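Here is the structure we will look at, set down as structure tokens.
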2 protein chains.
Amino acid sequence: MPDLTALETAFETAGHRLTRPRRALAELIEARDGAFSAADLVADAQGRRLGIGRATIFRAIELLEEIGALERIDLPTGEHAYVPCGPAHHHHVVCRRCSRSVEIGDLGLGALARDIARKTGYRIDVHRLELFGLCPDCQLASVPA
Amino acid sequence: MPDLTALETAFETAGHRLTRPRRALAELIEARDGAFSAADLVADAQGRRLGIGRATIFRAIELLEEIGALERIDLPTGEHAYVPCGPAHHHHVVCRRCSRSVEIGDLGLGALARDIARKTGYRIDVHRLELFGLCPDCQLASVPA
DNA sequence: CGTCCAATCGAGACTGTGTATCACTTGGTT
DNA sequence: AACCAAGTGATACACAGTCTCGATTGGACG
Ligand SMILES: [Zn+2]
Ligand SMILES: [Zn+2]
Ligand SMILES: [Zn+2]
Ligand SMILES: [Zn+2]
């Protein structure tokens, strides 16, 4: 099975079938190169007349999220978006204009979380850091002066 | 106008009318003492037969969020919750069992965001840190041994 | 290769969240 | 007390996401 993309491989190594709809969705996601919403994917699929059902798209997203190949981001608007990513703990910086995102490592956040746990008395299980702004390209595009 | 609660005062000082439904909702929110969903509030209001319309509840939440008296939290499940809070920049630690939340200050996050901006080249406008775990009370309740 | 069946799919109904509309009510000012 | 812009409630609507079920298929096995 040569030429498997990262997401296609993710399906396989997690023990799930590599079906035609999943392959197509993996391609669509990878072609996007950034954060996307479920609606984006549905539109992409319809646009290419791939005959993929809406439910299948939501199921694929859910599965990729469980596998750890996709992570949900909550945009400042309240909408949900998803971004492809590796399994290690990390966070994302997302461009609010083109949706391209960069992963960042822990950068001391683990220590910060422990500090917060100590100060508040809470036992902290999950933390989430999301950053939004303009990527280098979009900065140039929006400040042409 | 004596005995105004924090949220009631927030409506007034932001230049909005202090109506009967808003007063009632302010009370319901303050009685909850923690993060709550819109559905929670709707249920509370219906339970007390206050005759407050669903739309009014969503409008009040939206308004309080604009004012800065309420902040949206995105739970790990993907649901939206809201937590009462002051206007200064801060973040929240939310108990995943009882929903009580504690505000925490910047704690070096501003510096971390600047560091990330420098490393990634992104211009960062918004950052969001949310922490979830068990509050001291719920730790005791769940580890009785 | 052909068989087989659990995993998966597509269609469509359904639930839940949040918004828009619009005629009616009311807080707060004069 | 009178006024009216701000606010409200009922309802219709738009959209996200889930569930069900009969039909399809990946890939294991012989
Ligand atoms: Zn960009
Ligand atoms: Zn982290
Ligand atoms: Zn608790
Ligand atoms: Zn901060």
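As the structure is a prediction and not an experimental result, all values here were calculated from the model. Naming: A, B, ... by sequence-line order, numbering from 1 per chain.
With C:dA20, C:dC9, D:dG27 as the choices, the nucleotide that has an atom nearest any side-chain atom of A:R22 turns out to be C:dC9. Ranking D:dG17, C:dG10, D:dG9 by closeness to the A:A38 side chain, first place goes to D:dG17. Counting only heavy atoms from C-beta on, A:P21 has its side chain closest to C:dC9 among C:dC9, C:dT8, C:dG18. Out of C:dA20, D:dG27, C:dT17, the shortest distance to the side chain of A:L18 is found at D:dG27.
A salt bridge links A:K119 and A:D115; the closest N-O separation between the charged side-chain nitrogens and carboxylate oxygens is under 4.0 Å. Contact check on A:R72 versus B:D74 returns no salt bridge, with no Lys/Arg side-chain nitrogen under 4.0 Å from an Asp/Glu carboxylate oxygen.
With hydrogens and angles ignored, a donor-acceptor pair closer than 3.5 Å exists between the side chain of B:R54 and the base of C:dG18. For B:R17 against C:dT26, a side-chain N or O and a base N or O form a donor-acceptor pair under 3.5 Å.
A straight line from CZ of B:R49 to P of D:dG9 spans 17 Å, rounded to a whole angstrom. When the C1' atom of D:dA6 is taken as reference, atom CD of B:E12 falls 14 Å away, rounded to whole Å. Distance, A:F58 CZ to C:dG12 P: 17 Å, rounded to whole Å. Rounded to an integer number of Å, the gap from CG of A:L50 to C1' of C:dT8 is 17 Å. For the pair B:L41 CG and C:dT17 P, the computed distance is 12 Å after rounding to whole Å. B:I52 places its CD1 atom 15 Å from the P atom of D:dG7, with the value rounded to the nearest Å. Straight-line distance from the CZ atom of A:R23 to the C1' atom of C:dT8: 15 Å, rounded to whole Å.
In this model, the phosphate group of C:dA7 is not approached by any side-chain N or O of A:H16 to a distance below 4.0 Å at OP1 or OP2. Phosphate contact (OP1/OP2 of D:dG26, side-chain N/O of A:T19, threshold under 4.0 Å): absent.
If you find the closest nucleotide of DNA chain C to A:G53 and to B:R20, the one lying nearer the 5' end belongs to A:G53.
Note on ring orientation: taking the six-membered ring where Trp is involved, the planes of B:F36 and B:Y82 are tilted (angle from 30° to 60°).
The two residues A:L25 and A:L41 come nearest to each other via the heavy atoms CD2-CD1, 4.3 Å. Here the closest heavy-atom approach between residue B:G105 and residue B:H91 is recorded as O-CD2, 4.1 Å.
Hydrophobic clustering, with ILVMFWY side chains joined whenever heavy atoms are under 4.5 angstrom apart, groups B:L112 together with B:I124.
Near DNA chain C, meaning a heavy atom under 4.0 Å from it, residues 59-83 of chain B has B:R59, B:H80 in order of number.
At distances below 3.5 Å, at least one donor-acceptor pair connects side-chain atoms of B:R22 with backbone N or O atoms of B:R17.
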